[in-house]
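The structure under discussion appears below in the form of structure tokens.
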Amino acid sequence: MIISGKVKICGIIGDPIEHTMSPAMHNAAFDKLGLDYVFVPFLVKKEGLRQAIDGVRGLNIRGLGVTIPHKVAVMQYLDQVDDLAQKIGAVNIIVNDNGILTGYNTDAGGFLRALLERGIEPKGKMVAILGAGGASRAISFVLAERGANLIILNRTWDKAIELAERVSRSFGNKIEALPLDKENLTKALGRADIMMNCTNVGMHPHVSETLVTADQLKSDMIVFDTVYNPIKTQLLKEAEKAGATTISGVEMLVWQGVLAFEMWTHHKAPVEVMREAVIKMLQK
Ligand code: NAP
């Protein structure tokens with residue numbers, strides 16, 4: 001790779017950051033389109049966040065991805081935050097337009113795109129969402145905005161209630177919030193068209209763990225795991241056993257990257273190249 005004097009810099013901030021897929025995904029895309037851009041990971045500690053964002057302005061960095069633990073805290077340092085990201089209360093992408101920093105949430109948009117690309121329209125569907133953390137928040141808001149009915153189940157019940165109230169206030173949908181136990185889960189899955197795993201359960205290295213087994217699932221369901229490492233989680237294996245349609249977290253990861261790429265470069269993203277780069281990293 002030759003870096004010219006006109007190169008535009010994008011990156012991702014987080015702590016830890018060494019496992020990020022974003023540099024591989026975006027650099028492969030820049031390379032494919034011959035764009036004079038480079039993407040780098042930045043390890044940014046909580047206490048260094050303000051300086052990091054000042055640095056984006058000072059160094060004229062074109063765009064940033066934002067990951068754990070900065071998605072909420074970073075909002076206070078930006079010039080503007082788009083409406084959906086504001087409602088969600090978290091930003092995962094920053095675009096720098098001549099020193100004006102705008103925050104977006106492409107986790108939400110990327111998730112929706114992953115569904116729509118598979119021909120699944122969430123409007124009017126019943127969705128059981130497991131988890132009430134950052135991923136669940138983005139997904140719950142975008143599903144509610146799109147007209148889905150939600151049951152949010154979380155180990156810490158209070159967090160599910162708080163999220164359900166927040167989503168209802170924004171969109172007026174009726175959202176149920178339940179403690180995540182076997183009985184509630186089985187009942188909710190019995191009513192659901194789509195199941196979303198938005199917990200960490202099943203994530204590398206705990207790859208044999210799952211909150212749901214095949215006997216709780218139906219063949220006409222869609223099971224979407226936000227976990228992307230491993231690509232095929234134990235949950236997705238159980239869903240396959242039940243004959244359900246499965247979608248891997250890789251799709252959400254790739255589509256959120258596609259949306260970010262297009263905001264930063266104003267070029268149509270090479271989706272297949274980005275997907276291949278992520279899968280190659282995950283198979284290492
Ligand atoms: P987070 O904010 O820390 O939330 C974690 C959630 O998982 C909480 O609801 C937590 O419940 C629940 N949880 C953790 N361990 C559990 C267990 N043993 N049993 C039941 N529930 C458990 O994390 P996040 O950012 O939302 O990330 C959640 C998952 O989404 C991760 O696997 C992440 O990789 C994935 N993700 C994927 C993408 C993508 O592009 N594919 C994007 C973002 C996130 P409590 O509230 O009770 O602690």
Side-chain angles (χ1 to χ4, degrees), residues 3 7-27 37-111 131-141 154-156 158-159 162-163 166 198-201 203-206 226-229 249 252-253 256-257 259-261 263-264 278 281:
I3 296 181
V7 72
K8 292 197 172 80
I9 298 167
C10 293
I12 181 161
I13 57 170
D15 179 19
I17 201 63
E18 59 268 26
H19 303 299
T20 177
M21 303 286 144
S22 296
M25 178 165 64
H26 286 290
N27 286 320
Y37 277 72
V38 68
F39 191 104
V40 285
F42 296 109
L43 174 66
V44 173
K45 299 274 175 203
K46 272 187 181 163
E47 56 277 15
L49 182 59
R50 176 195 280 275
Q51 287 153 293
I53 299 303
D54 285 346
V56 171
R57 292 192 177 87
L59 297 170
N60 196 27
I61 288 172
R62 169 63 180 146
L64 275 190
V66 181
T67 189
I68 290 168
H70 304 310
K71 287 185 181 185
V72 178
V74 79
M75 295 172 74
Q76 62 189 307
Y77 304 125
L78 305 180
D79 299 299
Q80 47 199 31
V81 173
D82 119 295
D83 190 46
L84 183 62
Q86 193 85 57
K87 282 187 174 128
I88 294 168
V91 153
N92 75 309
I93 293 295
I94 299 170
V95 180
N96 178 2
D97 286 312
N98 303 315
I100 307 293
L101 304 192
T102 308
Y104 298 91
N105 192 307
T106 68
D107 281 338
F111 155 72
S136 170
R137 239 152 93 152
I139 286 169
S140 300
F141 273 87
N154 197 47
R155 182 176 61 178
T156 312
D158 286 358
K159 278 171 66 182
E162 195 192 320
L163 176 58
R166 214 177 138 126
C198 300
T199 74
N200 305 322
V201 178
M203 209 165 115
H204 179 80
H206 307 288
T226 62
V227 174
Y228 56 81
N229 186 11
M252 177 173 163
L253 181 69
Q256 68 75 27
L259 298 179
F261 181 94
M263 285 182 208
W264 292 328
V278 169
M281 282 283 284

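Along the sequence shown, the residues carry numbers beginning at 1.
- If you take OG1 on T67 and CE on M21, they are separated by 11.5 Å, rounding to the nearest 0.5 Å.
- By the 4.5 Å heavy-atom criterion applied to side chains, V201 and R155 are not counted as neighbours.
- When all heavy atoms are compared, the tightest approach of E47 to Q51 is O-OE1, 3.8 Å.
- In this structure, the separation between CG on D82 and CD1 on I93 is 11.5 Å, given to the nearest 0.5 Å.
- Atom CG in L253 sits 5.5 Å away from atom OH in Y228 (nearest 0.5 Å).
- Side-chain atoms of N92 come within 3.5 Å of backbone atoms of T106 as a donor-acceptor pair (strictly under, hydrogens ignored).
- For the residue pair L78 and V74, the shortest heavy atom distance occurs at CG-O, 3.5 Å.
- Contact record, M25 with V278: SD-CG2, 3.6 Å, taken as the closest heavy-atom pair.
- Counting all heavy atoms, side chain and backbone alike, A132 lies closest to N154 at N-OD1, 3.2 Å.
- Side-chain atoms of D107 and T226, non-hydrogen and from C-beta on, never get closer than 4.5 Å to each other.
- A distance of 3.5 Å separates CD of Q80 from OG1 of T102, quoted to the nearest 0.5 Å.
- Looking at W264, its side chain never comes within 3.5 Å of a backbone N or O of N96 through a donor-acceptor pair.
- Rounding to the nearest 0.5 Å places CZ of R62 at 10.5 Å from CE of M263.
- The structure places NE2 of H70 at 10.0 Å from CD1 of I94, a figure rounded to the nearest 0.5 Å.
- At a threshold of 4.5 Å between non-hydrogen side-chain atoms, the residues K159 and L163 do not count as touching.
- The heavy-atom pair separating A24 from M281 by the smallest distance is CB-CG, 3.6 Å.
- Within the 4.5 Å cutoff, no side-chain heavy atoms of L84 are placed close to those of N105.
- Shown here for L259 and G110, the closest heavy-atom pair between the two residues is CD1-N, 3.5 Å.
- The aromatic rings of F39 and H26 sit parallel to each other, their planes meeting at less than 30°, with 60° as the upper class boundary.
- Remark: the backbone N or O of G131 is paired with a side-chain donor or acceptor of S136 at under 3.5 angstrom.
- By the 4.5 Å heavy-atom criterion applied to side chains, D54 and Y77 are not counted as neighbours.
- Within the 4.5 Å cutoff, side-chain heavy atoms of F42 are placed close to those of L64.
- A donor-acceptor contact shorter than 3.5 Å is absent between the side chain of R137 and the backbone of A90.
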Derivation and outcome, side-chain contact (heavy atoms from CB on, under 4.5 Å), residues L59 and I9: CA-CA 9 Å; L59 297 170; I9 298 167; over 6 Å; no
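- Residues Q76 and R50 form no side-chain contact, since every pair of their non-hydrogen atoms from C-beta on lies 4.5 Å or further apart.
- A heavy-atom distance below 4.5 Å is not found between the side chains of K46 and D15.
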